[in-house]
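Just below is one structure, and these are the notes that go with it.
Remember, predicted model here, so these are calculated numbers, not experimental data. Throughout, a chain's letter reflects where its sequence line sits, starting with A, and its residues are numbered from 1.
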Amino acid sequence: MLDPRLFRTDLDFVTEQLKRRSFNFNPEFYVDLEVRRKAVQIKTQELQNERNSRSKAIGQAKAKGQDVQALLDEVQQFGDALKTAETELSAIQQQMEVLMEGIPNILDASVPEGKSEELNVELSRWGDVPVFDFEAKDHVDLGTQLKGIDFELGVKIASSRFVVLTGPLARLQRAIIQLMLDTHAADHGYDETYVPFLVNAQSLRGTGQLPKFEADLFKASDEPALYLIPTAEVPVTNRVRDDIIEAKDLPLKYVCHSPCFRSEAGAYGRDVRGMIRQHQFEKVELVQIVKPEDSEQAHEELTQHAENILKKLNLPYRKMLLCAGDTGFSSAKTYDLEVWLPGQGAYREISSCSNFRDFQARRLQARWRNPETGKPELVHTINGSGLAAGRTLIAVMENYQDADGNITIPEALLPYMGGLHVISSGSN
RNA sequence: GGAGAAAUGGCCGAGUGGCCGAUGGCGCACGCCUGGAAAGUGUGUAUACGGUAACGUAUCGAGGGUUCGAAUCCCUCUUUCUCCGCCA
């Protein structure tokens with residue numbers, strides 16, 4: 001959610017900024033609502049004040065044993081007017097809430113213009129794209145040949161966009177997850193955390209998935225209302241909902257491995273081959289809760305932490321700055337890391353690192369006590385994948401394949417593979 | 001799943017219809033006292049919204065209701081604790 005004060009003081013700026021996202025914001029509608037809100041709120045509070053002071057007078061008169069009937073008659077007149085005003089006020093407030101909750105974050109000045117991903121800006125490349133003297137297979141062919149990836153089994157057990165991993169490839173994904181957790185915890189200073197994979201609506205509201213993006217979620221239960229998490233960002237960031245954090249405890253840095261569940265509504269026909277786009281996938285998520293003044297640097301660092309995993313695995317990648325149209329609803333600025341997939345001959349997203357500034361914090365009421373002012377102020381939140389484990393598995397398979405379809409285990413993963421150096425049809 | 005008890009400020013805890021945003025204590029902050037410290041002592045110490053401000057309004061787990069007036073009475077829900085059952 002954006003700062004309501006910004007709307008009151010600089011509506012033109014807000015309108016202009018939202019235009020960058022092609023978000024259709026109607027300032028006249030807002031102003032009309034705000035003017036009514038103010039008038040009705042003042043009126044309501046005046047009536048409440050009248051009632052309170054008269055009720056007090058009744059109490060005092062009663063204590064003195066005086067007759068209070070005249071006072072009672074008088075105060076009763078306020079009753080109806082007050083009730084009407086209160087009802088009207090809460091209706092207006094609710095409308096305002098709905099309006100504000102549906103407005104996306106304001107983009108950072110450095111975010112490039114553009115309506116879709118073609119206009120994302122490449123900032124850097126790392127690593128050498130492997131050159132094979134044979135035709136590179138994709139992970140589907142590799143995985144099928146190795147009898148480690150079974151898409152039909154996923155369909156049989158669940159539905160399309162589910163997969164079953166078996167044997168050394170299943171272990172390879174676990175090794176990837178272990179490497180990520182260990183690296184982020186030991187080298188990058190994150191606290192490992194384990195969280196619920198079902199969350200309530202309030203948590204999803206806090207990080208911005210609700211109310212706008214309910215269609216992207218799997219609802220697991222109506223009573224109580226619980227949803228499968230689309231990312232560990234939701235439960236991890238909601239650790240600090242309604243908290244006031246002491247300055248000395250910041251920054252908070254969490255790393256969390258979890259499965260992620262996405263309905264992929266609206267993605268019909270996209271990435272249907274392989275396990276690029278699944279309803280369920282594993283991911284290691286990085287979350288930082290920081291002082292506002294530190295968020296920009298923390299965002300850069302967190303992105304580097306994700307990059308370090310790609311470097312450890314020696315996977316070629318490029319770093320993209322998302323353009324205005326491709327930046328997520330809650331984000332002010334997002335870097336995507338895209339890994340090279342020889343099977344597709346293309347770079348594909350493997351991590352998305354975003355600075356939300358105070359957008360999530362305002363919805364979460366997540367604050368810190370600023371020693372300079374003594375007041376609770378909103379924190380900034382940052383998160384990113386470090387990395388998506390399923391796609392990392394694909395990247396390792398495709399980049400480390402040989403002419404026979406065997407996969408050499410990257411050095412960094414050897415400690416987690418129990419002595420296995422190569423995954424071949426024979427290794428089980 | 002069954003039975004019972006409870007939920008008040010950072011923490012403990014008082015408050016059963018009116019002058020209660022809430023006594024008191026602990027903690028914390030700033031003073032006083034002291035050579036310094038401890039002890040003692042004084043003052044302050046929630047959040048949000050509106051207002052230039054004075055100040056006003058709301059909030060005692062959440063939501064609804066009764067009442068001129070609710071922390072206090074009624075209803076629903078949530079959470080916690082104890083006992084029993086079941087279970088990884």
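Residues that satisfy the side chain to side chain contact (heavy atoms under 4.5 Å, CB included) test with A/N24, not counting sequence neighbours, are absent from this structure. With sequence neighbours left out, the side chain to side chain contact (heavy atoms under 4.5 Å, CB included) criterion links A/F7 to A/L2, A/L11, A/V14, A/F25, A/Y30, A/M100, A/I103. Here A/E50 pairs with A/R54, A/F78 under the side chain to side chain contact (heavy atoms under 4.5 Å, CB included) rule; sequence neighbours left out. A/D3 meets the side chain to side chain contact (heavy atoms under 4.5 Å, CB included) test with A/R5, A/L6, A/R362; sequence neighbours excluded. Applying the ring-ring contact (aromatic ring centres under 6.0 Å, His included) rule to A/F13 yields no partners; only residues at least two apart in sequence or on another chain are considered.
Atom C1' of nucleotide B/G51 and atom CD1 of A/I42 are separated by 8 Å, given to the nearest angstrom. Atom C1' of nucleotide B/A70 and atom CD1 of A/I58 are separated by 15 Å, given to the nearest angstrom. Rounded to an integer number of Å, the gap from A/K56 NZ to B/G18 P is 13 Å. Distance CD1 (A/I245) to P (B/G10): 15 Å, rounded to an integer number of Å. In this structure, NZ of A/K62 is placed 9 Å from C1' of B/C68, rounded to the nearest angstrom. Residue A/I244 contributes atom CD1, which lies 11 Å from atom C1' of B/A48 at whole-angstrom precision. Taking atom CD of residue A/Q60 and atom C1' of nucleotide B/C68, one finds them 14 Å apart after rounding to whole Å. Rounded to an integer number of Å, the gap from CZ of A/R369 to P of B/G9 is 15 Å.
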List, with names and distances, any nitrogen or oxygen atoms from the protein found under 3.5 Å away from nitrogen or oxygen atoms belonging to nucleotides 59-66 of chain B.
none

Identify each atom pair where a protein N or O and an N or O of nucleotides 54-57 of chain B are less than 3.5 Å apart, giving names and distance.
unit_1 : atom_1 : unit_2 : atom_2 : d
B/G56  : O3'    : A/N49  : OD1    : 3.3
B/G56  : N2     : A/Q45  : OE1    : 2.9
B/G56  : N2     : A/Q45  : NE2    : 3.4
B/U57  : OP1    : A/N49  : OD1    : 3.0
B/U57  : OP1    : A/N52  : ND2    : 3.4
B/U57  : O3'    : A/Q48  : OE1    : 3.3
B/U57  : O2'    : A/Q48  : OE1    : 2.7

What nitrogen or oxygen pairs link the protein and nucleotides 73-76 of chain B at under 3.5 Å?
none

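Remark: aromatic rings of A/F213 and A/F329 are close, center separation under 6.0 Å. Taking the six-membered ring for Trp, A/Y335 and A/H299 have ring centres closer than 6.0 Å. Checked against the 6.0 Å centroid threshold, A/F359 and A/H380 do not count as a close aromatic pair.
A gap of 22 Å separates the P atoms of B/U59 and B/A54, to the nearest Å. Between B/G24 and B/U43, the two P atoms lie 11 Å apart (nearest whole Å). The same atom, C1', is picked in B/U66 and in B/U16; the two are 16 Å apart, to the nearest Å. Taking atom C1' on both B/C60 and B/C12, the two are 16 Å apart, rounded to the nearest angstrom. The P atoms of B/G9 and B/U72 are separated by 15 Å, rounded to the nearest whole Å. Here, B/A58 and B/G21 have their C1' atoms 11 Å apart, quoted to the whole Å. Across the P atoms, B/G15 and B/A6 are found 13 Å apart, a figure rounded to whole Å. Between B/C73 and B/C19, the distance separating the two P atoms is 16 Å to the nearest Å.
Geometrically, A/R239 engages A/Y254 in a cation-pi contact, judged by NZ or CZ lying under 6.0 Å from the ring centre and within 45° of the ring axis.
At a threshold of 4.0 Å, the pair A/R357-A/D108 counts as salt-bridged, since one of the basic side-chain nitrogens sits closer than that to a carboxylate oxygen. Ion pairing between a basic and an acidic side chain is recognised when a charged N comes within 4.0 Å of a carboxylate O; A/E285 and A/K283 show such pairing. Comment: A/R205 engages A/E101 in a salt bridge, judged by a side-chain N to carboxylate O separation of less than 4.0 angstrom. Salt bridge annotation for A/D138-A/R273: present, with a cationic side-chain nitrogen under 4.0 angstrom from a carboxylate oxygen. By the 4.0 Å N-to-carboxylate-O rule, A/D150 lies too far from A/K156 to be salt-bridged with it.
Open room surrounds NZ on A/K43; 12 or fewer heavy atoms of other groups in view lie less than 6.0 Å from it.
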Check your understanding: Does the side-chain hydrogen bond (donor to acceptor under 3.5 Å, both in side chains) test come out yes or no for A/H257 and A/E282, once each step is laid out?
Key -> CA-CA 7 Å; A/H257 160 237; A/E282 300 298 305; 2.6 Å; yes
Practice item. Please test A/E86 against A/K83 for salt bridge (charged side-chain N to carboxylate O under 4.0 Å, His left out), starting from the C-alpha separation and ending with a verdict. Key: CA-CA 5 Å; A/E86 280 177 337; A/K83 221 162 241 173; over 6 Å; no
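If you check the side chains of A/Q304 and A/E300, you find no donor sitting under 3.5 Å from an acceptor.
Across residues 25-40 of chain A, A/R37, A/K38 each have a non-hydrogen atom less than 4.0 Å from an atom of RNA chain B (numbered order). Of the residues in residues 86-98 of chain A, not one places a heavy atom less than 4.0 Å from an atom of RNA chain B.
Between the CD atom of A/Q280 and the CZ atom of A/F261 there is a distance of 4.5 Å, given to the nearest 0.5 Å.
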In a table with atom names and distances, give each donor-acceptor pair under 3.5 Å that connects a side chain of residues 408-423 of chain A to protein atoms at least two apart or in another chain.
unit_1 : atom_1 : unit_2 : atom_2 : d
A/Y416 : OH     : A/D182 : OD2    : 2.6
A/H421 : ND1    : A/G419 : O      : 3.0

Check your understanding: So what does the secondary structure string of RNA chain B come out as, 5' to 3', with Watson-Crick or wobble pairs under 3.5 angstrom, [ ] for crossing and | for pairs with another strand?
Key -> ((((((((.[[[..)..(.....]]]((((((.......))))))(((((....))))).[[[[[..)....]]]]])))))))....
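Of the candidates B/C68, B/A48, B/G50, the closest approach to any side-chain atom of A/R367 belongs to B/A48.
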